[in-house]
Amino acid sequence: MITVDSLTRSYGAHAAVDHVSFTAEPGRVTGFLGPNGAGKSTTMRVIVGLTDPSSGTAEILGRRFADLPNPGREVGVLLDASAQHAGRTGREVLRINARLMGLPASRVDAMLDLVGLTDEEAGRRVRNYSLGMRQRLGIASALLGDPSVLILDEPANGLDPAGIRWMRDLLRGFADDGGTVLLSSHLLNEIEVVADDLVVIGQGRIVAAGTKQSLLASGETLVRAADATALGEALSAAGLTATATDGGLLVTADSARVGQVAFAAGIAVTELRAADGARLEEMFLELTASTSREGAAA
Amino acid sequence: MSTTLSPTVAPASPGVHADGGARRLAKRPGSGATDGTPERIPFGRVLLVELQKMFDTRAGFWLMASIVIASVIATGATVLLGDRDSLSFDSFAAAVGSPMSIVLPVVGVLAVTSEWSQRTALSTFTLLPSRRTVIGAKLVDVLAIGAVSMLLALGIGAFGNLVTSLVTGNDAVWDITASTFAKIVLANELGMLLGFALGLVFRSSPAAVVGYFVVNFVLPGISGALASSQHWWAEHAGWFDLNQTRFLLFDSNLTGEQWAQLGITTLLWIVVPFLVGLRLVMRTEVK
């Protein structure tokens, strides 16, 4: 359980994080979504006590991170997979962390196994690791203390598709076992596959938060029929707004109502379903556009 | 709309989940963790882990090894090149002492700065949020390394002294008292502390090492030049120049006034930077 309450972090006059509040619940994967520079990493650094907040609070399991007696045993953190001593081997990195947490050395081998780093790879110095291997090592380190909360900043960076799949299954399993997962990403697609809840941040502020279903549901229906023109006429006759999209019609009504109208008009539909979360994606694109360098083109 | 990242990636495993986290976190096999709130990390463990971190990289290992290597070379050179008939234990102590006075402060600097240069501070401070504890453990380790290194160096010097007496047939001259040795150790520990404090202030290996050498080798030159033209400075430099009195520790007996000067300059050059650096480390964000 992570509770962030009205968290603000300012640099001079600029608020990188501006009154951010959200909760990450146990048993659920909370996706922390926002374009680069939106304040995701700063928020996460404040949560784990690496950055002091200007105001507001962040608590994990009911306590400030700094008050956790042995944080690694309760919270697994991976903020930057590259932040490891280049001259240590992967195994040495884990051994040191295990020793500090007071864990037996056997735990190191168990975690190497879990993240799929071979003996040979674990014996290599981190400077020779690919980004994907560093992410796996970072995950191993985060899971070492068998925590009940995971905080991961862009963990899918550098992973290949199979690695992303593996990571997703791992996080799903962790949450299904009752763990809390807070996971950030700047890619909507990446996060919507695994997250149960979404917190969307832009320019330091929360712009949307809730369960994935509620955010992705657009309240619109996509309908297709062989005779799109007749269907369009029938829908407008019924007082519904329909806009043409890619061979189909996007209707501001639920699918039951749209189906009735088509049925009454005797039109056979070829597809009828709730439209995708276009609103979330559009909102996210707008956010990205207004903060990214492609803004003018988007 | 496709919700997958790539055609080869299938949707997430069908972990149906509706209980909102009422379930306890199931312990995975091989878990070494126990239930309930874990105990606070004991300071002794932090000391050992920080000590291990100073030795277990290639750079760290060779830095530590260089203490022994430099002592052996200095002792060997003294036996081979010195005027053997007049060599005493004191000559060897001086010979091994000078490389120590360069290597040990670098140990002090790197103990702190490697956390930032290698960016390990990120994981160090998330596993142990009390930065004061981490810095405290490093400080104790650094001072212990200084004392052990000096004992080691002196042992190697003593061996050189014995070898010399075997070569010349003269009796070995043991002309170092415990208090002389203690002063040499103190001088080197002060050097390490200066390095440590500069490490805290700069949190960057190159900046802090250069800073140390400026303080140690450039400032004495400037102070000397100033003293030769400025009568007042020549008289009073001892109250401001750490090196003047610290260097006396290596080979002289200090007067009461000189001890006072050592105290003042230590405060000025070591304690103040240390406190400033500690404050910076406590407050700055770790990225």
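Predicted model, so just to flag it, every value in this text is computed and none were measured. Order of the sequence lines sets the chain letters (A, B, ...), proteins ahead of strands, with each chain counted from 1.
- Only the backbone of Glu39(B) comes within contact range of chain A, with heavy atoms under 4.5 Å apart.
- When all heavy atoms of Thr89(A) and Ala122(A) are compared, the pair lying nearest together is CB-O, 3.4 Å.
- Each of Arg131(B), Arg45(B), Glu50(B), Arg40(B) has some count of heavy-atom pairs under 4.5 Å with chain A, and the biggest count is that of Arg45(B).
- Residue contact with chain B, scored on non-hydrogen atoms closer than 4.5 Å, involves the backbone and the side chain of Arg99(A) alike.
- For Ser117(B), no part lies under 4.5 angstrom from a heavy atom of chain A.
- Distance CZ/Phe274(B) to CG/Leu194(B): 12.5 Å, rounded to 0.5 Å.
- Going from atom CD of Glu115(B) over to atom NE2 of His85(A) covers 9.0 Å, rounded to the nearest 0.5 Å.
- The pair Asp146(A)-Arg73(A) fails the salt-bridge criterion, with no side-chain N (NZ, NE, NH1 or NH2) lying under 4.0 Å from an Asp/Glu carboxylate O.
- For Asp67(A), the part sitting under 4.5 Å from any heavy atom of chain B is the backbone (N, CA, C, O) and nothing else.
- Asn70(A) touches chain B through backbone and side chain together, each having a heavy atom under 4.5 Å away.
- Here Asp56(B) is the residue among Thr124(B), Asp56(B), Leu48(B), Thr120(B) with the most heavy-atom pairs under 4.5 Å with chain A.
- When the shell of 6.0 Å around CZ of Arg279(B) is examined, it contains 12 or fewer heavy atoms from other residues, nucleotides or ligands.
- Contacts of Arg64(A) with chain B are absent, with no heavy-atom separation under 4.5 Å from either backbone or side chain.
- In this structure, no portion of Arg95(A) lies under 4.5 Å from any heavy atom of chain B.
- Tyr11(A) carries Arg9(A) over the face of its six-membered ring, with the cationic atom under 6.0 Å from the centre and within 45° of the normal.
- When Asp109(A), Leu68(A), Asp52(A), Asp80(A) are compared by the number of non-hydrogen pairs under 4.5 Å with chain B, Asp80(A) comes out ahead.
- When Leu100(A), Val75(A), Val93(A) are compared by the number of non-hydrogen pairs under 4.5 Å with chain B, Leu100(A) comes out ahead.
- Just one residue in the list Leu182(A), Ile139(A), Val77(A), Leu79(A) forms a side chain to side chain contact (heavy atoms under 4.5 Å, CB included) with Leu152(A), and that residue is Ile139(A).
- Between chain B and the options Met1(A), Glu92(A), Met101(A), heavy-atom pairs under 4.5 Å are most frequent for Met101(A).
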Pair Thr180(A)-Ser148(A), side chain to side chain contact (heavy atoms under 4.5 Å, CB included): steps then yes or no: CA-CA 6 Å; Thr180(A) 307; Ser148(A) 58; over 6 Å; no
